[in-house]
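Proteins get letters first, then strands, A, B, ... in listed order; numbering begins at 1 in each.
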Protein chains: 2
Amino acid sequence: MQNFHPIASKYETLKARLLEINDITSAAGLLYWDQATYMPPGGATARGRQIATLRQIAHQKFTDPALGELLEDLKSYEESLEYDSDAASLIRVTRRKYQKAIQVPEEFMARMSKHHSATYAVWAKARAENDFRAVQPYLEKNLELSQEMASFFPGYEHIADPLIDFYDYGMTVAQLRPLFTDLKSKLIHLVEAIASQPPIDNSFLHQHFPEHQQLNFTRKVVTSLGYDFNRGRQDKTLHPFMTKFSLGDVRITTRVYENDFSQALFSSIHETGHALYEQGICPSYEGSPLANGTSAGIHESQSRLWENTIGRSRGFWGYFYPQLQGVFLNQLKHISVDQFYRGINKVERSLIRTDADEVTYNLHVAIRFELELDLLAGKLTIQDLPEAWNQRYESDLGIRPQGDRDGVMQDVHWYSGLIGGQFQGYTLGNAIAAQIYQTAIRRNPAITVDIEQGKFDTLHQWLKENIYQHGSKYTPNELLERVTGQPLTIEPFITYIYQKYHGLYDLNSFNLGKDIGQEINH
Amino acid sequence: MQNFHPIASKYETLKARLLEINDITSAAGLLYWDQATYMPPGGATARGRQIATLRQIAHQKFTDPALGELLEDLKSYEESLEYDSDAASLIRVTRRKYQKAIQVPEEFMARMSKHHSATYAVWAKARAENDFRAVQPYLEKNLELSQEMASFFPGYEHIADPLIDFYDYGMTVAQLRPLFTDLKSKLIHLVEAIASQPPIDNSFLHQHFPEHQQLNFTRKVVTSLGYDFNRGRQDKTLHPFMTKFSLGDVRITTRVYENDFSQALFSSIHETGHALYEQGICPSYEGSPLANGTSAGIHESQSRLWENTIGRSRGFWGYFYPQLQGVFLNQLKHISVDQFYRGINKVERSLIRTDADEVTYNLHVAIRFELELDLLAGKLTIQDLPEAWNQRYESDLGIRPQGDRDGVMQDVHWYSGLIGGQFQGYTLGNAIAAQIYQTAIRRNPAITVDIEQGKFDTLHQWLKENIYQHGSKYTPNELLERVTGQPLTIEPFITYIYQKYHGLYDLNSFNLGKDIGQEINH
């Protein structure tokens with residue numbers, strides 16, 4: 001049968017191929033979700049293999065030369081369309097990912113995936129036993145694999161650039177390092193100022209809060225924020241994450257500590273931020289590469305925006321605190337909303353990144369980011385990594401891990417994926433959250449007023465319209481320019497963090513330095 | 001590099017290919033499990049497509065001509081080995097399935113899968129609204145698809161034979177129909193005799209039994225039977241099933257009715273029977289076509305054996321009833337173990353197959369089996385199916401559905417899969433359970449004594465050794481001959497059912513007919 005619309009037909013073929021790949025990847029995602037929530041111990045061996053098998057098949061299909069030919073055939077079609085039309089964007093984003101994917105040999109992908117699974121298992125045991133040396137050879141091998149991965153992308157300026165590019169497309173060490181260095185020095189200064197003030201008492205957060213009450217309250221909060229339980233669900237896990245199997249099935253996970261009220265609630269709001277992004281993507285992108293958040297940093301900006309900028313704000317608790325007191329009357333009846341607000345924003349020099357407050361958090365990230373740059377560049381060995389880690393904690397945070405369990409082995413990232421690329425997104429997230437929120441409330445001042453009334457829809461809709469709906473259509477840099485009118489900057493974050501903690505810690509009498517004073521006032 | 005062991009290498013290649021296919025199929029299984037347990041409503045559309053995508057990929061890979069060439073190359077190797085060696089069996093079983101699979105065009109598989117998904121969705125709504133006509137066109141199309149499926153296997157005697165062959169390899173209408181007809185007439189006679197006796201009072205089963213207590217007791221029971229929760233788990237669903245993602249992850253599901261004690265417990269024991277089979281397969285078969293129960297009928301024999309032969313026996317409850325009374329003291333303190341035993345074995349003419357007792361159950365199955373033979377052979381139209389259904393219920397069971405919801409729309413099978421092949425396995429299961437159990441207790445009389453002591457390991461180990469470990473190594477007929485020394489027969493089931501219900505309903509004074517009397521005494 002003659003085809004009267006060869007280009008339209010090729011475009012449909014491209015979409016069908018991408019949909020198949022999406023389905024395989026989504027299935028791998030469900031296998032992972034199940035592994036982290038409900039899978040019995042006996043399923044572990046086969047499950048690791050099954051996830052690897054699906055990912056390998058997806059990779060094979062995505063790197064099929066026939067896909068490359070389709071993209072080539074569609075080039076003139078793409079050029080005939082507006083840059084930000086859905087079709088041009090789909091072809092453009094697919095081509096970008098395709099050209100990256102075909103650089104990586106299938107054999108390498110399988111080898112790396114297998115090694116990551118093995119390393120994960122050894123790490124879990126080594127961490128429990130506080131025995132870094134047990135996992136050291138695996139980590140050494142993983143560093144080699146990460147360097148090998150970078151080697152498939154010659155022409156980089158820094159060896160970490162191709163790895164960063166996987167997560168935060170278009171960002172480089174050259175762009176990020178100065179920003180991070182600047183941020184770090186300002187935060188160290190702020191943490192010092194805070195440390196010289198009387199500590200906040202947050203002991204009331206460590207009373208007994210029954211699990212089911214925590215989960216009920218959490219569910220109420222995340223529903224208010226806009227999380228759609230008809231298109232998602234929440235389950236318990238060891239390390240909370242968000243995952244998506246389709247735009248109609250975007251799940252969050254949490255963990256509950258009955259002696260720490262903060263964990264379940266704030267990690268749930270965090271994952272809800274990720275989920276709102278995915279649930280808000282334009283439905284017609286379903287099953288295509290456009291139907292994902294555009295980068296790790298932009299994604300993290302949404303989780304941090306909801307978790308910290310909103311979830312730890314005075315306005316938010318002005319609305320929710322009476323409800324919370326109603327649920328936990330015995331625990332909170334003598335705690336005022338201001339005490340509570342101060343308690344959940346206590347700044348503390350601590351060892352564990354995931355437990356860190358929003359001021360020290362970026363110092364934790366900076367340590368990892370800088371260490372992995374050194375590892376990749378051959379300036380630091382895995383052998384010396386634990387000591388380098390501990391020294392950095394001592395110098396930047398003024399606190400030294402007593403064991404590698406709470407030091408270099410605390411995060412799963414290096415033990416289950418690439419060394420390099422995974423950490424910068426966390427700090428980018430905080431910076432971008434501030435940059436975006438600053439724009440949002442300038443454009444629509446009703447946002448903050450509405451939040452005080454428990455109306456989160458104003459912000460949610462603004463974010464959906466400006467960010468969520470676009471999925472991966474724009475690169476992170478394009479999106480930032482488009483939304484905020486300027487490139488990535490850490491200034492809004494510095495302003496936000498100084499203003500907030502200035503008030504919380506009564507820092508008026510402190511000389512915060514010329515630069516910082518200016519930022520507070522601008 | 002020269003290969004010094006070309007045959008060994010080809011055998012390893014075959015196993016690697018089969019493992020990949022197994023992983024894809026297992027992933028599809030998990031997607032289904034999740035759909036039936038935890039998936040939010042918004043996930044439905046994509047999930048149906050994702051399952052279909054994975055199954056299609058698995059089918060493509062299994063019908064790859066390269067697999068056929070491997071099997072061809074391995075023919076002489078297979079012939080050089082003992083018939084029941086693992087390697088010969090793996091090659092033989094794979095070849096059999098391959099030769100069947102390549103008859104079915106990939107395009108047809110995709111079309112059928114898509115139609116089954118669509119039909120399922122329409123059925124769920126039509127059933128809720130008691131509106132058969134809404135799903136009728138879908139069912140008509142499904143009948144055509146089932147007939148088309150049969151057409152890929154020319155040379156059959158009855159059009160249902162190729163479909164039965166998918167589920168119960170080697171069985172045919174010619175073999176089964178006489179057995180089923182004989183069984184039916186004997187059961188109708190028995191049901192009539194029972195109906196003329198005073199009904200058993202089982203109203204105590206319909207008190208309030210709190211869900212968590214039911215689930216706790218159920219968990220205790222299935223653990224005692226040998227179900228390994230380290231290699232499985234139990235979750236709630238609408239229509240209970242067993243599923244396996246690896247030999248280390250074999251899951252069961254259940255549903256709980258707080259006003260009906262029987263549901264959760266007996267359906268859990270039923271699914272546990274299926275699960276014990278899968279958990280008991282030789283671990284070295286993992287990921288190969290040998291690592292599955294060998295047929296629907298043999299599988300069902302294990303679920304029915306544990307559910308009915310054991311779970312509804314006097315010996316079983318002699319052990320468990322005091323524990324049950326301990327849990328449900330208020331509900332059961334005035335009910336003796338004998339009253340309880342009679343209550344859970346009450347025979348009743350009822351409309352719903354899945355709720356039927358073990359006497360009338362096979363009459364439900366016979367109706368479906370015979371109707372689908374007529375549908376496939378073109379002797380009955382879908383248009384006339386509801387009335388034919390109702391008439392058969394009236395003539396065989398003496399009871400007529402008031403609506404199609406409780407009639408022709410009650411079972412999911414025809415609305416989500418082939419019409420033909422799926423039902424005979426249920427009655428085969430009952431017959432084979434009796435045939436196998438008769439052999440088991442003849443060979444090891446300790447089995448019944450041990451059950452009265454709550455020791456189920458004696459039976460479990462016997463079944464594991466004689467049936468479970470072999471997976472799909474033997475065909476159903478081979479396995480029956482091997483285990484019981486004779487071909488498939490319904491006599492042990494007739495003997496079992498008459499002996500048991502003779503006692504329960506005091507049928508001594510009734511003339512059960514010459515044939516039946518002989519069977520009871522033989």
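- Residues that satisfy the ring-ring contact (aromatic ring centres under 6.0 Å, His included) test with B/His470, not counting sequence neighbours, are B/Tyr474.
- For A/Gln56, no part lies near chain B; criterion is any non-hydrogen pair under 4.5 Å.
- Here B/Lys125 pairs with B/Glu129 under the salt bridge (Lys or Arg N to Asp or Glu O under 4.0 Å) rule; sequence neighbours left out.
- Contacts between residues 36-51 of chain B and chain A, defined by a heavy-atom separation under 4.5 Å, are made by B/Tyr38, B/Met39, B/Pro40, B/Pro41, B/Gly42, B/Gly43, B/Ala46, B/Arg47, B/Arg49, B/Gln50.
- Taking 4.5 Å as the heavy-atom cut-off, the residues of residues 221-240 of chain B that approach chain A are B/Phe229, B/Asn230, B/Arg231, B/Gly232, B/Arg233, ordered by number.
- For chain A, the option among B/Leu54, B/Thr53, B/Leu247 with the highest count of heavy-atom pairs below 4.5 Å is B/Thr53.
- Among the candidates A/Asn22, A/Ile24, A/Asp34, the residue making the largest number of heavy-atom pairs closer than 4.5 Å to chain B is A/Asp34.
- Counting non-hydrogen atoms of other residues, nucleotides and ligands closer than 6.0 Å to OH of A/Tyr98 gives a total above 12.
- The number of heavy atoms from other shown groups lying within 6.0 Å of CZ (B/Arg255) is above 12.
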